[in-house]
> 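This is the structure, below, for whatever I ask next.
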Amino acid sequence: MAKVAPTSIISHWNHMAQGLALSSNEFYSEIERLLKDHSVKDMKSDRVNLSEGGLLSAKREYLQVRRGDHVFHVCAAPFGSGFFVSWWLGAVESGILAWLSSKPVIGFLVQNLVKPLTYYKIDTALMFQSITHSAVAQALDSLLSAKGLRALSETERKPIMRDFFASMSSG
């Protein structure tokens with residue numbers, strides 16, 4: 001699967017697990033194992049290298065999970081005396097409809113007649129987010145538990161939603 005760049009961010013989440021030491025690869029493998037248990041049609045995962053900054057900057061490995069018009073990028077890395085985990089859920093637009101959507105009058109027609117925001121689109125994005133976030137939280141909880149550290153609280157589990165409807169109406 002090729003690296004995919006989201007055109008808009010729908011939600012994100014992060015957590016710093018103090019005292020947890022492990023490799024990103026170990027964490028990503030656990031998430032992939034948990035995602036397979038859900039048997040979601042057309043969901044694919046892969047490791048991708050995303051730039052840390054500009055053109056000549058270093059790259060960092062992320063776990064990319066893709067389904068349809070949505071992509072998750074999961075970051076996991078040792079940081080100081082802990083382990084940092086984050087994910088970003090984005091909408092992906094490509095092709096002629098994406099280009100037409102960016103045009104003033106035609107864009108309105110495309111977004112409202114050809115690709116309107118529907119409950120179905122919102123629900124499938126939320127289902128994808130729920131399954132992927134659950135896998136990330138479960139992986140983190142099991143690794144924290146194995147090291148004798150505290151599991152995530154309910155507050156620490158909550159993703160941060162962006163202007164969901166603005167993100168979805170263009171995707």
Side-chain angles (χ1 to χ4, degrees), residues 1-38 40-99 101-102 121-122 124-144 152 156-171:
M1 172 174 43
K3 174 175 66 173
V4 176
T7 51
S8 60
I9 300 298
I10 296 169
S11 59
H12 79 277
W13 176 86
N14 69 78
H15 182 75
M16 181 67 178
Q18 287 297 330
L20 183 61
L22 63 135
S23 74
S24 303
N25 189 49
E26 182 181 356
F27 189 71
Y28 294 154
S29 294
E30 180 64 10
I31 294 169
E32 288 173 316
R33 186 190 68 73
L34 291 165
L35 287 172
K36 281 182 185 171
D37 291 346
H38 289 283
V40 176
K41 183 181 176 188
D42 301 329
M43 184 168 64
K44 294 177 174 47
S45 67
D46 200 7
R47 312 294 170 88
V48 297
N49 291 313
L50 301 178
S51 194
E52 290 180 1
L55 182 63
L56 300 174
S57 69
K59 307 267 188 214
R60 178 165 302 277
E61 185 179 65
Y62 283 71
L63 174 64
Q64 176 176 282
V65 184
R66 173 95 191 259
R67 182 177 183 277
D69 292 341
H70 297 96
V71 64
F72 258 93
H73 285 121
V74 180
C75 173
F79 190 81
S81 61
F83 192 74
F84 179 77
V85 177
S86 72
W87 59 248
W88 297 86
L89 171 60
V92 178
E93 295 180 58
S94 61
I96 189 74
L97 288 179
W99 181 76
S101 291
S102 69
K121 284 183 182 182
I122 296 168
T124 55
L126 290 171
M127 286 184 275
F128 181 52
Q129 176 180 297
S130 293
I131 285 171
T132 307
H133 177 62
S134 175
V136 171
Q138 262 186 284
L140 187 55
D141 278 344
S142 70
L143 293 165
L144 286 166
L152 297 172
E156 291 170 323
R157 291 176 184 281
K158 293 182 181 180
I160 300 165
M161 301 297 291
R162 300 288 184 188
D163 186 355
F164 187 79
F165 298 104
S167 298
M168 291 300 297
S169 65
S170 62

> Is a side-chain N or O of S24 found less than 3.5 angstrom from the main chain of C75, in a donor-acceptor match?
no
> Take the angle between the ring planes of W13 and W87 and call it parallel below 30°, perpendicular above 60°, tilted in between.
parallel
> Please name the residue in the list E30, R47, E61 that meets the side-chain hydrogen bond (donor to acceptor under 3.5 Å, both in side chains) test with N25.
R47
> Determine which pairs satisfy salt bridge (charged side-chain N to carboxylate O under 4.0 Å, His left out) with at least one residue from residues 10-29, sequence neighbours left out, and list them in order.
none
> Measuring only between side-chain heavy atoms, which start at C-beta, is H70 closer than 4.5 Å to F72?
no
> Pick from L126, L35, D37: which one makes a side chain to side chain contact (heavy atoms under 4.5 Å, CB included) with I131?
L35
> Do the side chain of T132 and the main chain of Q129 share a donor and acceptor less than 3.5 angstrom apart?
no
> Can you see which heavy atom on K3 is nearest to which on N49, and at what distance?
CD-O, 3.4 Å
> Can you confirm whether L20 sits close enough to L140 that some side-chain heavy atom of one is under 4.5 Å from a side-chain heavy atom of the other?
yes
> For the backbone of H15 and the side chain of E156, can you confirm whether one donor and one acceptor N or O come within less than 3.5 Å of each other?
no
> Give a yes or no on this: more than 12 heavy atoms of other residues, nucleotides or ligands lie within 6.0 Å of atom CZ of R33.
yes
> Are H12 and I160 side-chain neighbours, meaning at least one heavy-atom pair lies under 4.5 Å?
yes
> For L63 and I31, which heavy atoms make the closest approach, and how far apart are they?
CD2-CG2, 3.7 Å
> Could you tell me whether a side-chain N or O of H73 sits under 3.5 Å from a main-chain N or O of A5, the two making a donor and an acceptor?
no
> Can you name the closest pair of heavy atoms from M16 and F79 and give their distance?
CE-O, 3.0 Å
> Could you give the distance from CD (Q64) to NZ (K44), rounded to the nearest 0.5 Å?
12.0 Å
> What is the minimum heavy-atom distance between K121 and T124, and which atoms define it?
O-OG1, 3.2 Å
> Could you check whether any side-chain heavy atom of R157 comes within less than 4.5 Å of a side-chain heavy atom of H133, counting everything from C-beta outward?
yes
> Is it the case that the side chain of N14 and the backbone of F84 share a donor-acceptor pair, with hydrogens and angles ignored and the cut-off at 3.5 Å?
no
